[in-house]
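Take a look at the structure set out below.
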Amino acid sequence: MTELTAPKSSVTAAQFADEIRNELKYTQGVTPEQAKPADVYVAAATAVRKHLMDSWMKTQQDMINGNTKAVGYLSAEFLMGKQLRNALLNSGLTEQFEAAVKELGFDPQQVTDAEYEPGLGNGGLGRLAACFIDSLASLGVPAFGYGIQYRYGIFRQEFDEEGRQIERPDYWLTNEDPWGHIDYERDQRVSFGGEVVEEDGKRVWKPSWSVRAIPVDYMVPGYESGRVNTLRLWQARSYDEFDLLTFNKSEYLDAVKPQVKAENISKILYPEDSTEVGKELRLEQQYFFASASIHDAIRVFYPNQDKPDLTTFPDKICFQLNDTHPVIGIPELMRILLDEYGYDWDTAWNITTKTFNYTCHTLLPEALEVWPVALISKLLPRHMEIINKINDQFMHELEEMTDDEAKVERMRIVTAGDTPSVRMAYLASYAGEHVNGVAELHSQLLKDVTLRDFSDLFPKKFTNVTNGVTPRRFMKLANPGLSDLITEGLGTDKWLKDLELLKNLEPLAQDDEFVKKFAQVKYDNKIKFADFAKREYGFDIDSSTMFDTMIKRLHEYKRQALKILEVIATYADIKSGKVKIEDVTPRTVIFGAKAAPGYYLAKMTIQLINNVAKVINNDPDVMGKLKVVFPWNYNIRVAQYLIPATELDEQISQAGKEASGTSNMKFALNGALTVGTLDGANVEIRERVGADNFFLFGMTVDEVEKMYADGYDPAKYYEADPRLKAAIDMVAKGTFSDGDEDTYAPLVSDWLTKDWFMTLADFTAYHDIQSEIETLYGDQLEWNRKAIINVANSGYFSSDRSIEDYLERVWMTGPLK
């Protein structure tokens, strides 16, 4: 671990209070007596930002003038979470803030609660990107995060009276955003449509319309590194926002059509793409931020140069493609080099292939983006020409490398046939210098299954970088009680920069007094979450029950259905008298998840979970022993309360489907035990914490594949397990739909006839492991010993370690000197 230090802030609490007063006066236009908590939040954030400004500018200057290659992290998502607490921590101003705000007569918690969480992501992809740019800054590595400033995020989730998910706009930018600096003078032009013509022997793109990409800069301060990197997000604006002549004809909507068309690009994350118009908007988004970012990087590293030597571009910056969303940047850089700077094909290709690296985040073929050639040709005709040439070049290389014609055909970037498509993962795998998976199992399956042909012919391209999470946000900020206990146990707080130091906690798992302190911290966190849940959602939660949590994007392969079916089966046991209520381990089951707006079965599963909760939570026969809660609009704020409070973490995806997971890492770091399959990073977590400290169940990848090959009949498992049959029958007969047997008929039909992710096949094993869990939970001293061992052996899962792996295996760069 690189040792990085920065002086603690010398600002006193009184001085910081004066700074807040000045910002209230000159920025907010109010006195402290007139101010609301939101005013104080903006004033404090503005003051902190000014403290970071010198380090931010010095970091940029050192990056441009130095010899260290920078990293450009291209991602459609950046789930940053609230920024004030993180910025205070990383600038050494936390204590001053607490004292200053109290001096001004405000509650610090109310002030930080006034911040609205940025709606810049959907789930794990965005949280990972946020952790990575935090670690890059904390390690002193120069970097840009590049993405889109979505005006309304993905959506704000609500539930209606029937338990169904309702998508609402997420108005996170409605109020003041003191963190984002809009820089109108450094905008970029991004063009679409039109045609390609021949002029003087050259192919020239004549676009039909263009938008203005305006950068909004967010500071990313490192923890005790003295470095502040940049998250640069792009807003889309029209060059012709308003047609006055049309307006004066009373054609008001037509007068703003160009404005609406442009601004749609940065309105929401992942617009619904079940229509052709939706697909087009998604591709516009991806090209918009990729093009603006590449042009911006050229501007940054070659300032005021009309004819820069772009053969040095790969020495200045390397771009990491976070999933397939920014892969259109590959033909865009080729187009820039060929058309705007006049390089020949071979030189441009050499520059491009040294500049990009690709992270594949999935094993599901349907999640690997494929764009119709007709759509790319319509929207980006010059890029389609370049992609076709790349494909031809690739096919020629493959024919020289192998005699396997079937393999060559399988590896086509542009598919053959009447309706050809472009396979973006294949384009990235060919053009990228490195391709990495995000957990050991995932990376191996990428090589063995998903991208097998590529790994066979280009084995040196492929590597693994297991994901990680930042211990600053997800330990120090989210769990101050445990953080303080760890520091007490280790005798140092250096573990926040070197998480492997947690290993030294392991002997303390045998110290009964330390274990009792740990148990008290966990209980205190449960009370905090229960208070939060009551305040924010109106839930009544008993803090003495086991907190059993499943927070995942709602997807069939993640198998929320498996969890809710086990809950229903337990409820059926209680109702039938098969299980005595006094023998039931009190348990609160907590779900957090959003489903994609067009994902029918996922949204139906959400409805089912909510209505199971409604029935069970209000049934006097249950006597409070079993409760289900589903906080709507799960986000980082909820996570920072829930993860530290959780005792049992559900990681129950079908083996071979989850790429990595990062919630599993956060839970283990915060002292939860995991029940899970051998999937994603679960494998590595189990290896490190020990098999005795991990509740394993379910089929392996090989067993899953064999069952697929042999033919899977889910009805067989339904008939064989009376508990499973009782649970599904309750759903089918309308127990959770006011007697309506049609409400969940599609879900029941899918379980019994398809069940592609084998929820039913793993159900019995899942129930059996839950029995083991309840037995151990009855011995709280032993449970907490195992929880401490989980914490002690989770140091590997720091995003700092992930970034160091990238630096060594992929990016070949390091910290600024």
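Seen from the ring of Phe539, Lys534 does not count as a face-on cation partner, given the 6.0 Å and 45° thresholds. Under a cutoff of 6.0 Å and an axis angle of 45°, Lys316 and Phe301 do not form a cation-pi pair. Relative to the six-membered ring of Trp56, Arg49 meets both conditions, a distance below 6.0 Å and an angle of at most 45° to the axis.
Under the 3.5 Å distance criterion, with hydrogens and angles disregarded, no donor-acceptor pair is assigned to the side chains of Gln34 and Gln28. Looking at Ser138 and Arg472, their side chains do bring a donor and an acceptor atom within 3.5 Å of each other. For the residue pair Trp234 / Ser266, no side-chain donor-acceptor distance below 3.5 Å is found, with atom types taken as modelled. A donor-acceptor pair shorter than 3.5 Å cannot be found between the side chains of Glu77 and Ser75. If you check the side chains of Arg212 and Gln188, you find no donor sitting under 3.5 Å from an acceptor. The closest side-chain donor-acceptor pair between Asp800 and Ser135 falls under 3.5 angstrom. For the residue pair Gln149 / Arg151, no side-chain donor-acceptor distance below 3.5 Å is found, with atom types taken as modelled. For Thr470 and Asp134, the side-chain atoms include at least one donor-acceptor pair closer than 3.5 Å. Using modelled atom types, one finds a donor on one side chain and an acceptor on the other under 3.5 Å when comparing Glu369 with Thr324. Looking only at atom types and distance, the side chain of Tyr41 has no donor-acceptor partner in the side chain of Glu176 under 3.5 Å away. Inspection of the Glu284 and Gln286 side chains reveals no N or O donor paired with an N or O acceptor under 3.5 Å.
Remark: aromatic rings of Tyr152 and Tyr171 are close, center separation under 6.0 Å. Remark: aromatic rings of Tyr287 and His325 are distant, center separation not under 6.0 Å. Here Phe192 and Trp209 bring their ring centres to under 6.0 angstrom of each other. Side-chain rings of Tyr146 and Tyr73 stay apart, their centers remaining 6.0 Å or farther from each other. Between Phe132 and Tyr806, the ring centre distance stays below 6.0 Å.
Residues Val220 and Ile133 come closest through the heavy atom pair CG1-O, 3.4 Å. Shown here for Val228 and Leu52, the closest heavy-atom pair between the two residues is CG2-O, 4.0 Å. Annotation for Ser91 and Val48: closest pair OG-CG1, 3.9 Å, computed over non-hydrogen atoms. Here the closest non-hydrogen pair linking Phe106 and Ala35 is CZ-O, 3.4 Å. Across all their heavy atoms, Ala137 and Arg227 have their closest contact at O-CB, 3.8 Å. Shown here for Ala130 and Met80, the closest heavy-atom pair between the two residues is CB-SD, 3.7 Å.
Residues Asp531 and Lys528 are not paired through a salt bridge, judged by the lack of any N-O separation under 4.0 Å between the basic side chain and the carboxylate. At a threshold of 4.0 Å, the pair Lys279-Asp273 does not count as salt-bridged, since none of the basic side-chain nitrogens sits closer than that to a carboxylate oxygen. Taking the charged nitrogens against the carboxylate oxygens, Asp62 and Lys58 do have a contact shorter than 4.0 Å, which makes a salt bridge.
The aromatic rings of Phe532 and Tyr641 lie parallel to each other, with less than 30° between the two planes, well short of the 60° mark. The aromatic rings of Trp632 and Tyr537 sit perpendicular, their planes meeting at an angle over 60°, well past the 30° parallel limit. Using a 30° and 60° split on the angle between ring planes, His51 and Phe16 fall in the tilted class, from 30° to 60°. Note on ring orientation: taking the six-membered ring where Trp is involved, the planes of Tyr599 and His555 are perpendicular (angle over 60°, cut-offs 30° and 60°).
Interatomic distance, Met550 CE to Phe630 CZ, rounded to the nearest 0.5 Å: 10.5 Å. Between Arg237 atom CZ and Gln235 atom CD the span is 4.5 Å, to the nearest 0.5 Å. Atom-to-atom distance recorded for Phe667:CZ and Phe474:CZ is 10.5 Å, nearest 0.5 angstrom. Residue Asn264 holds its CG atom at 10.0 Å from CD of Gln259, rounded to the nearest 0.5 Å. Residue Asp39 holds its CG atom at 12.0 Å from CD1 of Ile20, rounded to the nearest 0.5 Å. Taking CG of Leu499 as the start and CE of Met665 as the end, the distance is 12.0 Å to the nearest 0.5 Å.
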Next item on the list: Give the C-alpha distance, both sets of side-chain angles, the deciding distance and a yes or no for side-chain contact (heavy atoms from CB on, under 4.5 Å) between Ile541 and Val629.
Entry: CA-CA 9 Å; Ile541 297 176; Val629 297; 4.2 Å; yes
Next item on the list: Determine, step by step, whether Asp113 and Arg637 satisfy the salt bridge (Lys or Arg N to Asp or Glu O under 4.0 Å) criterion, reporting the C-alpha distance in whole Å, the side-chain angles of both residues, the deciding distance to 0.1 Å, and the verdict.
Entry: CA-CA 9 Å; Asp113 282 349; Arg637 182 178 180 231; 3.6 Å; yes
Check: What do the steps show when you test Ile636 against Arg473 for side-chain contact (heavy atoms from CB on, under 4.5 Å), and what is the final call?
Finding: CA-CA 10 Å; Ile636 290 177; Arg473 180 177 289 275; 4.2 Å; yes
Margin query: If you apply the rule salt bridge (Lys or Arg N to Asp or Glu O under 4.0 Å), what do you find for Lys603 with Glu167, and how did you get there?
Written below: CA-CA 11 Å; Lys603 294 180 77 170; Glu167 299 92 26; 2.8 Å; yes
Next item on the list: Take Glu98 and Arg85 through the test salt bridge (Lys or Arg N to Asp or Glu O under 4.0 Å) and record every step on the way to the result.
Entry: CA-CA 10 Å; Glu98 297 278 340; Arg85 286 284 185 188; 2.4 Å; yes
Note to self: Under the criterion salt bridge (Lys or Arg N to Asp or Glu O under 4.0 Å), I'd like the reasoning laid out for Arg186 against Asp296: C-alpha separation, chi angles, the key distance, then a yes or no.
What the structure shows: CA-CA 8 Å; Arg186 288 169 177 79; Asp296 182 73; over 6 Å; no
Margin query: Using the rule given for side chain to side chain donor-acceptor pair (under 3.5 Å), can you reason through Thr46 versus Glu23, listing the C-alpha separation, both sets of side-chain angles and the distance that settles it, and then say yes or no?
Written below: CA-CA 7 Å; Thr46 306; Glu23 297 300 338; 4.7 Å; no
Next item on the list: Check step by step if side chain to side chain donor-acceptor pair (under 3.5 Å) holds for Asp177 and Tyr218.
Entry: CA-CA 10 Å; Asp177 175 26; Tyr218 292 81; 2.6 Å; yes
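The shortest distance between side-chain heavy atoms of Phe288 and Val211 falls below 4.5 Å. A heavy-atom distance below 4.5 Å is not found between the side chains of Arg232 and Val216. Inter-residue side-chain proximity for Tyr239 and Pro258 is flagged as unmet; no heavy-atom pair is nearer than 4.5 Å. Put simply, the side chain of Lys594 reaches to within 4.5 Å of the side chain of Asn633, judged on heavy atoms. Within the 4.5 Å cutoff, side-chain heavy atoms of Gln165 are placed close to those of Phe155.
The neighbour count for Met57 CE, taken as heavy atoms of other residues, nucleotides or ligands under 6.0 Å away, does not exceed 12. A 6.0 Å sphere centred on CG of Asp183 holds more than 12 heavy atoms belonging to other residues, nucleotides or ligands. Under a cut-off of 6.0 angstrom, the local environment of CD in Gln15 is crowded, with over 12 non-hydrogen atoms contributed by other residues, nucleotides or ligands.
Side-chain N or O atoms of Thr59 include none that pairs as donor or acceptor with a backbone N or O of Asn229 at under 3.5 Å. Side-chain atoms of Glu115 come within 3.5 Å of backbone atoms of Leu84 as a donor-acceptor pair (strictly under, hydrogens ignored).
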